[in-house]
Amino acid sequence: MNSLTRETREADRGQAEQFITPPASVTEIADGYMLEIEMPGVKKDGLDISVENNELTIVGRRSLPTVEGTLVHRESRPENFRRVFELDPSIDGDKISAKIDQGLVRLTLPTAEHVKPRKITVS
Amino acid sequence: MNLIRYQAPDSAPWSTLDRWSSLRDELNSLFDMPFWSSFGRTGQLFTGWSPALDLYESGDNVVAVVELPGMRKEEIDISLHDGALTISGERKRESTNGETAQRSERYVGTFRRSIALPTRVDATKVSATYQEGILKVTLPKAEEAKPKQIQVS
């Protein structure tokens, strides 16, 4: 139950676009989890977060600052960011919220209020 | 009735290859970068955080662009010494009360990055901006380092 997120790293099946996997951290907080992902150069509208089949996908598209002049030394990589996590069943997928500040995406993943076993009556 | 958890047919055979995709990422990054800078990056595994730095040069300026996600402006120090630009700072761990880190790939602590500048710059006119986690330092070239047109008389 405490294994929030098992990461699913898909071998990019037939995907044309290459992504880089940004560093992330998962912290357990009072009523859920907090997920932080580093995406420098990504603005709010470049961020695409989706939950599908219990999989949380975060894609960040960069809008890099334009700099005049020629590049004389490069360490950054041009690809966009993408990270996929499998959600623990205790997480309420509808209540996930996200914000981005200075290239750091912070998602709050609250646990569902009633993570109770369902009772099935025999008719 | 199906009691076994359904697995997408195409995901199963790939799971063994998952680790290869991260390895490939790593290898690609080595090839993508200039030889010596890849040392800085692999050093990250052992010594801490070495933010990626790009350097641009135009007629009037030298511009350094550094990826520093999730910092506060006040936590970044920029200094110039002997023709080298140094960017340092400290990323602090945010509140830790009753929280348990389950997985942490983000680096917390101090970092320091230096790069020798290709030309002399005017230290009094250096300016910097920090947006979307990217620090951009603009260093105007010193008068004597600017390209000059010489008229043939």
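Chain A is the first sequence line, chain B the second, and so forth, proteins listed ahead of strands; every chain is numbered from 1.
By the 4.5 Å heavy-atom criterion applied to side chains, A:Leu109 and A:Leu56 are counted as neighbours. You'll find the side chain of A:Leu35 stays beyond 4.5 Å of the side chain of A:Ile96, heavy atoms only. A heavy-atom distance below 4.5 Å is found between the side chains of B:Arg106 and A:Leu104. Residues B:Val65 and A:Val67 have side chains in contact (heavy-atom distance under 4.5 Å, counting atoms from C-beta outward).
Of all residues in residues 123-134 of chain B, those placing a non-hydrogen atom less than 4.5 angstrom from a non-hydrogen atom of chain A are B:Tyr130, B:Gln131, B:Glu132, B:Gly133, B:Ile134.
No side-chain donor-acceptor contact under 3.5 Å links B:Asn61 and B:Thr138.
Note on A:Pro22, A:Ala24, A:Gly41, A:Gly69: by heavy-atom pairs under 4.5 Å with chain B, the leading option is A:Ala24.
Heavy atoms only, all atoms of each residue included: A:Glu28 and A:Tyr33 are closest at CG-CE2, 3.7 Å.
If you measure heavy-atom distances from A:Val72 to chain B, the contacts under 4.5 Å come from both the backbone and the side chain.
Listed by chain and number, the residues in a side chain to side chain donor-acceptor pair (under 3.5 Å) with A:Gln102 amount to none (sequence neighbours excluded).
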